[in-house]
Amino acid sequence: MKYSRVFINSMAYELAPEVVSTSELESRLAPLYKKFRIPMGQLATLTGIHERRWWPKGHRLSDGALAAAHKAINETDVQISDLGAVVYTGVCRDQHEPATACRIAAELGVSKDTAIYDISNACLGVLSGILDIANRIELGQIKAGLVVSCESARHIVDITIDKMLAEPTMQNFAQSLATLTGGSGAVAVLLTDGSLGLKGARQHQLLGASHLSAPQHYDLCQWGLEEAGPQLYREFMRTNGVALLKEGVELARHTWTHFLDQRDWLVEQVDKVICHQVGSSNRRNVLEALNIPEEKEFPTYKLLGNMGTVSLPVTAAMAHDQGFLKSGDQVSFLGIGSGLNCMMLGLKW
């Protein structure tokens, strides 16, 4: 995939307000830790995550996405009537139907000819939304589009901890570790064809993207519903962390080669990378496999955990705000999601 007239003009975000430390989660798991003689602090040691943020109980996902969307609109002064598409891309959503994007679009007051829909692609949702909007812009169908997302980890983490305590097995402990890394946040990404004369300093050009998949590994990480009794269902999430890391790194290696070949870039010509945030072990293994020095990557997982679809774009926005990403840098967004899917975007910052 190659693009010639697609720009990112805003990456606005909203962090959830409640800070939840890893030690707080471990305190709730104290009976399990005692049973298996697991030392306190083990979760932080394994993941490198010290805290994450959660929304208050009852928080509506579309409210988080709307907060980020209003920031993006105010930051750029884009006219709502110029939005040709509004796409919601979170793993978490308000309901099965209609699309969560519908309430967001209604609150924003978009035009009748605006395309409104949800995209689901695990942790790659926002990147998929970016490319979907980019394709519409590149084809000349629209001048601007908004990708929004909001993730919430509180509910699934609470359910997982309850299940770990009710069924205290090492297998259950191992399959639940990844869930405990979950954080919450929201993001809005505004893309345009560069012709709208927006205010603000952002005009990051999207140059191209690569997307490879390995769907035979669809069952390594699953979040869904399971039957808990007659006409009673509850959420579950389980991850085979060891196999997911191994197969994810292998897929990333192939995608990286494809991406560099397509862009005609050498590794040395990539100035900065922004990765999906999982934890310390994943970061180390991915960067080593792709031969990328750690100083070229901007981690946020230590204080934000894994915010699903929101992690990568929020990390990019923070890297920009803190001066890590500079104008003119050749930047790669590197994302891996359950499925398995791997997506890499190239940008001129």
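Nothing fancy with the numbering, it's 1 onward along the sequence. Remember, it's a predicted structure, so these values are computed and weren't measured experimentally. Quick note: numbers below take in every heavy atom, side chains included, and nothing from hydrogens, waters or symmetry partners.
- Under the 3.5 Å distance criterion, with hydrogens and angles disregarded, a donor-acceptor pair is assigned to the side chains of Ser62 and Arg103.
- With Asp132 contributing its side chain and Ser128 its backbone, the two residues share no donor-acceptor pair below 3.5 Å.
- At least one donor-acceptor pair closer than 3.5 Å links the side chain of Asn285 to the backbone N or O of Ser281.
- A side-chain donor from one of Asn9 and Thr192 sits under 3.5 Å from a side-chain acceptor of the other.
- A 4.5 Å side-chain heavy-atom check between Leu345 and Leu206 finds at least one atom pair inside the cut-off.
- For the pair Arg253 and Trp256, the cation does not sit on the ring face, since its NZ or CZ is not both under 6.0 Å from the ring centre and inside 45° of the axis.
- The backbone N or O of Lys34 sits nowhere less than 3.5 Å from a side-chain atom of Arg37 that would complete a donor-acceptor pair.
- Atom CG of Leu245 and atom CD of Glu250 lie 11.5 Å apart (nearest 0.5 Å).
- For Gln330 (side chain) and Gln269 (main-chain N/O), a donor-acceptor pair under 3.5 Å exists by modelled atom type.
- Taking the salt bridge (Lys or Arg N to Asp or Glu O under 4.0 Å) definition, one finds that Glu294 meets it with Arg283, sequence neighbours left out.
- Although no hydrogens or angles enter the test, the distance criterion places a donor-acceptor pair under 3.5 Å between the side chain of Thr47 and the main chain of Leu43.
- Around NZ of Lys163, the count of heavy atoms belonging to other residues, nucleotides or ligands within 6.0 Å exceeds 12.
- Remark: the Glu51 side chain and the Ser21 side chain contain no N/O donor-acceptor pair separated by less than 3.5 Å.
- Ser152 places none of its side-chain heavy atoms less than 4.5 Å from the side chain of Trp54.
- Counting only distance, with no hydrogens or angles, the side chain of Arg52 and the backbone of Val20 share a donor-acceptor pair below 3.5 Å.
- At a threshold of 4.5 Å between non-hydrogen side-chain atoms, the residues Arg53 and Leu304 count as touching.
- Under 3.5 Å, the side chains of Ser210 and Thr255 contain no donor-acceptor pair of N or O atoms.
- The aromatic rings of Phe298 and Phe324 lie tilted to each other, with the angle between the two planes from 30° to 60°.
- For the pair Ser149 (side chain) and Val126 (backbone), a donor-acceptor distance under 3.5 Å is absent.
- Within the 4.5 Å cutoff, the side chain of Tyr117 has no heavy atoms near those of the Tyr88 side chain.
- With a 6.0 Å radius and a threshold of 12 heavy atoms from other residues, nucleotides or ligands, Lys143 has its NZ atom at or below the threshold.
- A donor-acceptor contact closer than 3.5 angstrom links the side chains of Ser4 and Glu138.
- Using bins of under 30°, 30° to 60° and over 60° for the plane-to-plane angle, the ring pair His320/Trp349 lands in the tilted bin.
- Side-chain heavy atoms closer than 4.5 Å link hydrophobic residues (I, L, V, M, F, W, Y) into clusters, and following such links, even through other members, never connects Val270 to Leu325.
- Within the structure, the side chain to side chain donor-acceptor pair (under 3.5 Å) test picks out no pair touching residues 179-190 (sequence neighbours left out).
- Lys272 places no side-chain N or O within donor-acceptor distance of the main-chain N or O of Ser332, the cut-off being under 3.5 Å.
- Between the side chains of Thr315 and Thr300, a donor-acceptor pair is found at a separation under 3.5 Å.
- Between Ile142 and Asp82, every side-chain heavy-atom pair lies at or beyond the 4.5 Å cut-off.
- With contacts defined as side-chain heavy-atom distances shorter than 4.5 Å, the pair Val6/Leu191 qualifies.
- Looking at Gln205, its side chain never comes within 3.5 Å of a backbone N or O of Arg5 through a donor-acceptor pair.
- In this structure, His258 has its ring center at least 6.0 angstrom away from the ring center of His211.
- Around CD of Glu226, the count of heavy atoms belonging to other residues, nucleotides or ligands within 6.0 Å exceeds 12.
- In terms of modelled atom types and a separation under 3.5 Å, the side chain of Thr169 and the main chain of Asn172 share a donor-acceptor contact.
- Between the side chains of Trp223 and Glu235, a donor-acceptor pair is found at a separation under 3.5 Å.
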